[in-house]
2 protein chains.
Amino acid sequence: MGSAVAAKSEQTRQLVADTALRMFRDIGFEKTTMRAIAAEAGVSVGNAYYYFASKDDLVHELYIQVQAEHAARASEALEETTGFAERLKATLHAGLDVMAPYHRFGADFVATAIRPTSPVNPFSADSTPAREASLDIFRNTVDGARPAVPKKLRGDLPELLWLCYMGITLFWVYDTSEGQRRTRKLVDGAAPLVARGLALARIPGVSKVLDDVLDLSRSIRS
Amino acid sequence: MGSAVAAKSEQTRQLVADTALRMFRDIGFEKTTMRAIAAEAGVSVGNAYYYFASKDDLVHELYIQVQAEHAARASEALEETTGFAERLKATLHAGLDVMAPYHRFGADFVATAIRPTSPVNPFSADSTPAREASLDIFRNTVDGARPAVPKKLRGDLPELLWLCYMGITLFWVYDTSEGQRRTRKLVDGAAPLVARGLALARIPGVSKVLDDVLDLSRSIRS
DNA sequence: CCCCATTCTTGAACGTGTTCAAAAAGAAGT
DNA sequence: ACTTCTTTTTGAACACGTTCAAGAATGGGG
């Protein structure tokens with residue numbers, strides 16, 4: 001198999017993927033039927049299925065692309081901020097920026113992603129690379145913060161924030177306010193509160209409860 | 001329209017609903033096709049649609065039934081407990097008990113329920129009665145606790161706990177451990193921690209942050 | 001008893017995601 | 001050039017959720 005041929009095959013794959021993602025953005029998830037994608041891309045339905053096992057698989061492709069874009073934008077925004085609250089805000093807003101064009105499609109995306117059997121499920125094995133890359137964004141957000149976050153929390157915080165990010169995404173999906181203004185407000189309000197909450201970890205009474213929360217969290221995960 | 005006729009119509013409706021719910025439990029969501037339900041119930045497909053606008057609507061029926069059973073069991077269990085942690089545990093375990101037979105179907109249930117347009121969506125207008133009834137369970141859980149929970153939290157806590165319950169349900173859906181043992185462990189571990197966390201609300205430093213959290217929560221909701 | 005309006009029931013038909021046997025195209029060896 | 005094997009492409013076919021025009025059953029008013 002020469003490289004030119006490999007390129008041809010890859011070209012078809014990309015054509016299908018690009019067409020699908022563009023149609024998702026422009027006309028929504030449900031109207032983007034497999035037949036419509038195939039017609040628009042100028043291939044047969046079966047051919048699209050040769051490259052993507054299912055429509056969900058095309059959503060997976062979108063998830064990967066959105067995640068990569070989020071990593072790029074967050075990384076850039078984080079270069080200029082040091083305070084934890086500001087860094088968290090930057091990371092979360094970057095995520096919202098990237099998702100924005102797909103808002104009308106967000107509900108279907110989430111409904112697809114939430115099935116444990118789906119390749120798009122953020123906890124699934126298929127999503128491990130994308131999930132790890134996403135976790136890296138939050139590790140970077142936490143580790144680069146000055147003043148540093150309490151050492152006790154540094155290990156678990158990225159995962160916890162990533163989980164919060166999933167929750168915020170859910171909120172964003174349901175947010176019908178213009179430009180998802182309420183979600184922006186939530187991020188702006190919550191980020192400094194999280195930072196102040198972290199400072200409380202140094203109060204002895206709080207620290208004890210926190211230890212137990214972390215213990216529970218670890219025992220549940222293992 | 002005599003009552004006998006009304007009964008006949010209601011009888012068909014119940015027959016379809018009962019058949020569907022039984023099949024959901026026994027063979028899962030996907031294998032329970034509308035054609036299979038109709039065949040099993042001895043009616044035509046169109047007839048099932050006369051009583052239920054969609055397959056989602058049958059899931060809604062299940063949601064209502066599960067919620068009613070949860071309310072009944074929780075109410076009974078709460079009669080015997082006074083401590084907040086114990087009450088919370090009782091309420092959450094009652095919910096898990098009722099959902100248990102539907103675990104294999106849980107993922108599809110959640111995927112259906114999460115669509116903003118779905119009648120099953122717990123935040124939707126269609127679900128308002130069931131949601132209010134569910135909130136009542138948590139109001140009862142909080143209000144009946146002795147010693148009483150801090151007054152400042154008493155108003156918002158039920159909604160917050162209900163939201164946590166949604167999160168626990170999500171955890172439960174993904175929990176493949178035998179009998180969803182890990183979810184039980186999570187509830188047992190988290191309930192006392194929440195109770196201890198509430199006590200921290202009396203620490204001045206914590207109280208200030210908490211005020212802002214509650215303010216933000218209220219401003220986002222309105 | 002018959003008529004009419006309402007309620008209930010039917011099953012064919014539509015568009016969907018997905019599958020698959022078969023064909024076409026390409027690569028490689030002789 | 002011919003064969004052989006793999007990769008790619010096709011489009012008909014399947015089961016699904018859903019719709020709908022048409023018909024049956026029902027019940028009250030003359």
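Chain letters run A, B, ... following the sequence lines, proteins first, then strands; residues in each count from 1.
- In this structure the side chain of A/Arg221 reaches within 4.5 angstrom of the side chain of A/Glu159, judged on heavy atoms.
- As rounded to whole Å, 13 Å separates atom P of C/dC8 from atom CZ of B/Phe52.
- The A/Thr12 side chain lies nearest to D/dT9 when the options are C/dC8, D/dG17, D/dT9.
- OP1 or OP2 of C/dT9 has not a single side-chain nitrogen or oxygen of B/Tyr50 nearer than 4.0 Å.
- Remark: C1' of C/dT9 and CD of B/Gln11 are 15 Å apart, rounded to the nearest angstrom.
- In this structure, CG of A/Leu58 is placed 11 Å from P of C/dG17, rounded to the nearest angstrom.
- In this structure, of C/dT18, D/dT19, C/dT10, it is C/dT18 that holds the atom nearest to the side chain of A/Val45.
- Looking at the side chain of B/Ser44, the nearest of the listed nucleotides D/dT8, D/dT10, C/dG11 is C/dG11.
- Rounded to whole Å, atom P of D/dT8 lies 10 Å from atom CD of A/Glu10.
- The closest side-chain donor-acceptor pair between B/Asp175 and B/Ser177 falls under 3.5 angstrom.
- For B/Arg35 against D/dG17, a side-chain N or O and a base N or O form a donor-acceptor pair under 3.5 Å.
- Taking atom OH of residue B/Tyr49 and atom P of nucleotide C/dG11, one finds them 16 Å apart after rounding to whole Å.
- Taking atom CD1 of residue A/Ile37 and atom P of nucleotide C/dG15, one finds them 18 Å apart after rounding to whole Å.
- A salt bridge is defined here as a Lys NZ or Arg NE, NH1 or NH2 lying under 4.0 Å from an Asp or Glu carboxylate O, and B/Asp136 with B/Arg139 meets this definition.
- In this structure, of C/dG17, D/dT9, D/dG17, it is C/dG17 that holds the atom nearest to the side chain of A/Thr33.
- Taking atom CZ on B/Arg115 and atom C1' on D/dG17, their separation rounds to 13 Å, with Å as the unit.
- Between B/Tyr51 and C/dT9, a side-chain N or O to OP1/OP2 separation shorter than 4.0 Å is present.
- When the nucleotides D/dT18, C/dT7, D/dT9 are ranked by their closest atom to the side chain of A/Asn47, D/dT9 comes out on top.
- At a threshold of 4.5 Å between non-hydrogen side-chain atoms, the residues A/Asn47 and A/Tyr50 count as touching.
- Of the candidates C/dC8, C/dG17, D/dT8, the closest approach to any side-chain atom of A/Met34 belongs to C/dG17.
- Centroid-to-centroid, the aromatic rings of B/Tyr102 and B/Phe109 stay 6.0 Å apart or farther.
- Between A/Glu30 and A/Gly46, the one whose closest nucleotide on DNA chain C sits nearer the 5' end is A/Glu30.
- If you measure from atom CZ of A/Phe29 to atom P of C/dT16, you get 13 Å, rounded to the nearest angstrom.
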